[in-house]
Amino acid sequence: MADKKKRLTASEALALLFDSFTSGKEVDVNLEELVDIDEGEGGNYVDMGQQTDKQPEEGEEDEGEEKKGEGEEKEGEGEEKEGEGEEDEGEEKKGEGDEDEGEEKEGEGEEKEGEGEEDEGEEKKGEGDEDEGEEEEGGEVEAEEEEASPTPSTSAVRHKRPLPHTWKKNVIKEKRLKGENYKNTMGQERPPKAMGPPCTSQHCFKSTTRSCELLTEVERRGIFNNFWSMPSWETRKVYIQTVVENVPIKQKKGGVDSRRTTSLLYHLQLSDRCKIPVCKNLFCSTLGIALRTIGSWLTAGMKPNTHTQPNPKINKTGPHMPISDGDQAFLKEWLSGIPTVPSHYCRQVPSYQNKKFLEPGTVLRELHKEYQNAANENGKRAVSETYFRKVFGEQDYSVFIPKKDQCDICVSAKVGNTDEDALATHLRLKSQAQAEKAADKNESSDTLSVWTMDLQRVLLCPQTKASTMYYKTKLQMHNFTCFNMNNRDGYCYAWEEHEGSLSSEVFAHLQSNHFESVLQANRNIEKVIVWSDGCGYQNRCATISNAYLYLAMKHGVSIEQKFLVAGHTQMECDSMHSLIERRIVQDVYTPRDYVVIFEAARINPSPYRVTQLYHNDFMKLSGTYVTNIRPGKKVGDPTVHDLRALQYLTDGRIRYKLDFESDWEDLPRRISIPDNKPFKWIPLFPAQLPITLRKYSDLQSMKNVLPRVAHKYYDDLPHQ
């Protein structure tokens with residue numbers, strides 16, 4: 001059983017050492033085994049042979065001796081070896097170099113031993129105080145490492161931890177990932193990534209499939225910064241594979257044997273995730289990467305994963321089991337039973353003639369669920385949604401998205417509220433109108449000018465993605481378009497709501513002023529045909545008829561107005577509206593921004609001719625030739641809505657048609673033509689039209705998200 005160790009306070013240990021030095025008596029304490037001084041509840045204690053944190057109770061056995069095995073000597077060992085002149089074993093293991101001289105040199109040995117022990121004691125105490133002071137100041141001496149150390153007096157060893165982010169090769173990788181300048185492993189300086197110049201190609205400027213000119217430098221800089229802020233190269237590869245579309249080639253040059261079967265369509269994605277088609281030069285220039293890099297990334301995306309097993313075995317019983325002919329036949333049969341609607345807008349396009357459009361609001365995911373239920377009820381295997389969508393497209397099905405209001409008669413007939421005779425008459429008139437318009441288009445020439453015209457949907461201004469604008473009333477912008485079916489020239493007449501209204505006088509002056517300039521520029525025109533919808537205040541009213549009759553008598557040409565059937569008013573000028581709306585991809589702050597978009601919307605064959613109108617540009621006739629254009633007078637007679645065509649002759653007569661296959665008839669209305677004082681155009685609006693106070697207040701509240709150059713425009717708006 002191990003002997004109990006005596007624990008002394010620091011002051012007691014020093015007093016004992018002093019007595020030994022002055023009296024010459026040997027102290028029964030090995031000073032080299034005093035290893036630490038800890039602060040306990042009762043004061044400072046000197047631990048002989050073990051490092052402790054607390055003062056042990058009386059009679060407690062010092063277990064530190066047995067665990068440490070530091071080679072301490074038992075009590076009385078010094079007396080047994082006294083006089084033998086042997087080296088102290090404990091001092092030899094501690095490496096202190098002190099020797100016990102024995103009895104032969106007792107006085108000299110005691111003197112040296114006293115001096116050595118006193119110095120060593122003071123040194124141990126100083127070290128203990130220094131360690132304790134470091135611990136209080138936040139030093140990093142670890143108690144666990146000291147307890148595990150075989151030499152308690154040895155200081156704790158710090159272990160160096162690796163810092164990979166500071167390694168030279170990793171620093172180079174990080175700089176290269178961020179597009180910063182760096183030196184490669186060969187010491188070559190690599191410049192930082194920079195955005196290249198914009199596209200200046202005339203081919204792109206004239207192209208109808210690319211919109212390089214729509215991207216501003218600010219948008220390009222945002223795309224560049226977003227690309228080089230991506231966290232990894234894999235993210236950039238996925239981004240490139242997303243914005244570059246791989247499509248089959250449309251045609252091959254004759255006599256050229258090429259193995260290329262696809263073409264790449266490049267797009268740049270804006271912050272609102274809208275993709276703008278651009279050329280590959282602008283694509284590479286904006287992103288600041290080489291074309292060969294893009295090609296390698298796209299090739300890697302099309303290659304199969306080489307880490308997987310080649311030609312994996314097909315699971316013949318799981319979801320990858322080949323679809324049987326019976327299951328495919330059931331799917332096609334089920335699709336054939338889905339109710340469809342006719343195409344009112346794409347029937348003249350060969351690729352759309354056989355399209356079967358589903359009801360508006362149809363969701364393919366919900367349709368697939370219905371198919372799954374039907375397949376389970378009939379004991380057939382239900383294919384996946386991906387395969388369902390593939391067959392859905394192969395069978396020429398498409399979800400119908402109406403571009404305009406649908407025909408009331410067609411919708412009424414679909415629910416069984418219209419008799420067959422009325423529907424048959426309606427469809428006959430629709431077919432006649434379409435055939436008549438196609439014939440006029442084919443006959444258009446230098447002497448026969450054929451036009452279509454319509455008012456584009458209301459454009460709102462300002463238009464941004466700011467959330468503060470969602471529930472605010474905005475300024476309205478109107479755009480009246482005219483399309484020449486002979487040379488495909490397009491004309492836009494734009495005005496704001498405070499510059500003019502949507503009255504019949506406004507449209508009468510627009511059409512009269514437009515054809516006035518056309519007839520003056522082309523003196524060889526003998527006849528003008530105008531196709532439009534049957535909107536009353538816009539096209540089919542007495543005010544419009546007075547303007548056309550005035551124009552026909554003034555220039556000596558015949559003018560015909562022809563109206564399409566309601567609900568089936570698809571015209572060539574609609575392409576202008578569609579193209580303009582596709583070009584609105586950026587924020588619009590003032591109506592002037594819309595005018596710029598109109599001018600740049602089309603390049604081939606020529607840009608649209610845009611005229612911005614103000615209140616003093618609108619005129620009206622000082623008198624009227626006819627006050628009513630209704631072909632009947634009694635109840636039950638034809639009304640204005642039954643008119644299919646109106647003809648204005650140079651002698652002041654007006655004729656009409658109720659059916660495109662019938663002959664012209666004189667309008668049974670009195671036409672008053674003054675002899676000595678012809679009509680003239682006079683101003684329509686004496687001043688700007690005030691907007692409502694609420695709209696003005698809403699526009700003022702939006703100025704915090706508008707540039708400063710637009711503030712004055714909204715401050716000067718007339719309001720109530």
Side-chain angles (χ1 to χ4, degrees), residues 164-165 167-201 203-204 207 209-215 217 219-253 256-271 273-312 386:
H165 65 277
W167 297 349
K168 183 178 179 181
K169 64 176 184 179
N170 289 343
V171 172
I172 294 176
K173 288 181 179 179
E174 186 68 16
K175 288 185 177 181
R176 182 172 175 268
L177 178 63
K178 294 180 179 179
E180 301 173 356
N181 63 320
Y182 65 97
K183 284 186 178 181
N184 58 15
T185 55
M186 301 180 64
Q188 298 173 344
E189 188 76 18
R190 296 297 185 185
K193 295 296 181 181
M195 188 177 68
C199 177
T200 57
S201 172
H203 178 72
C204 294
S207 175
T209 59
R210 300 173 186 169
S211 304
C212 300
E213 72 281 358
L214 295 182
L215 284 173
E217 289 300 303
E219 291 173 338
R220 293 183 63 226
R221 175 61 61 182
I223 296 173
F224 174 85
N225 294 337
N226 179 62
F227 180 79
W228 286 104
S229 63
M230 292 182 179
S232 65
W233 291 105
E234 289 299 324
T235 306
R236 292 178 183 148
K237 291 179 183 179
V238 174
Y239 173 84
I240 293 297
Q241 295 167 8
T242 303
V243 297
V244 179
E245 186 179 1
N246 195 357
V247 298
I249 58 175
K250 294 182 179 180
Q251 62 180 1
K252 289 187 177 182
K253 296 181 179 180
V256 178
D257 186 13
S258 175
R259 292 177 296 176
R260 187 169 68 90
T261 58
T262 60
S263 298
L264 298 179
L265 302 182
Y266 297 87
H267 302 80
L268 288 176
Q269 185 170 298
L270 302 179
S271 58
R273 307 191 68 83
C274 178
K275 295 182 180 179
I276 305 299
V278 296
C279 62
K280 65 180 180 181
N281 292 333
L282 182 61
F283 185 86
C284 298
S285 176
T286 302
L287 297 181
I289 53 177
L291 182 61
R292 63 178 180 272
T293 304
I294 297 175
S296 64
W297 288 356
L298 294 175
T299 304
M302 292 184 291
K303 288 182 178 180
N305 189 358
T306 56
H307 298 288
T308 58
Q309 295 181 358
N311 300 325
T386 303

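Any value given below was found using the heavy atoms of this structure, including those in side chains, with hydrogens, waters and symmetry copies removed. In this chain, residues are counted from 1 in sequence order. Computed from a prediction, not measured in an experiment: that's the story for all the values here.
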Review point. Please walk me through it: do Val244 and Trp297 pass side-chain contact (heavy atoms from CB on, under 4.5 Å)?
Key: CA-CA 11 Å; Val244 179; Trp297 288 356; over 6 Å; no

Has Ser207 got a side-chain atom pairing as donor or acceptor with His203's backbone, closer than 3.5 angstrom? no

What's the shortest heavy-atom distance between [X] and [Y], and which atoms?
X	Y	value
Cys279	Cys212	N-SG, 3.4 Å
Lys275	Pro277	O-CD, 3.8 Å
Leu177	Arg236	O-NH2, 2.6 Å
Ile294	Cys284	CD1-SG, 3.4 Å
Leu268	Leu215	CD1-CD1, 3.4 Å
Tyr182	Asn184	CD1-N, 4.0 Å

| Minimum side-chain heavy-atom gap Phe227-Ile240 below 4.5 Å | yes

Side chains of Leu298 and Asn246, heavy atoms from C-beta outward: is any pair under 4.5 Å?
no

Going from [atom1] on [X] to [atom2] on [Y], what distance comes out if it is rounded to the nearest 0.5 angstrom?
X	Y	atom1	atom2	answer
Leu291	Leu264	CG	CG	9.0 Å
Thr262	Glu245	OG1	CD	11.0 Å
Leu265	Phe283	CG	CZ	11.5 Å
His267	Ser211	NE2	OG	9.0 Å
Thr185	Lys168	OG1	NZ	8.5 Å
Lys173	Asn170	NZ	CG	5.5 Å

With sequence neighbours left out, the residues meeting salt bridge (charged side-chain N to carboxylate O under 4.0 Å, His left out) with Lys178 are Glu174

- Might you confirm whether atom NZ of Lys237 has over 12 heavy atoms from other residues, nucleotides or ligands at distances under 6.0 Å? yes

The complete set of side chain to side chain donor-acceptor pair (under 3.5 Å) pairs with one or both residues in residues 220-231, sequence neighbours excluded, reads Glu217-Arg220, Arg220-Ser285, Arg220-Thr286

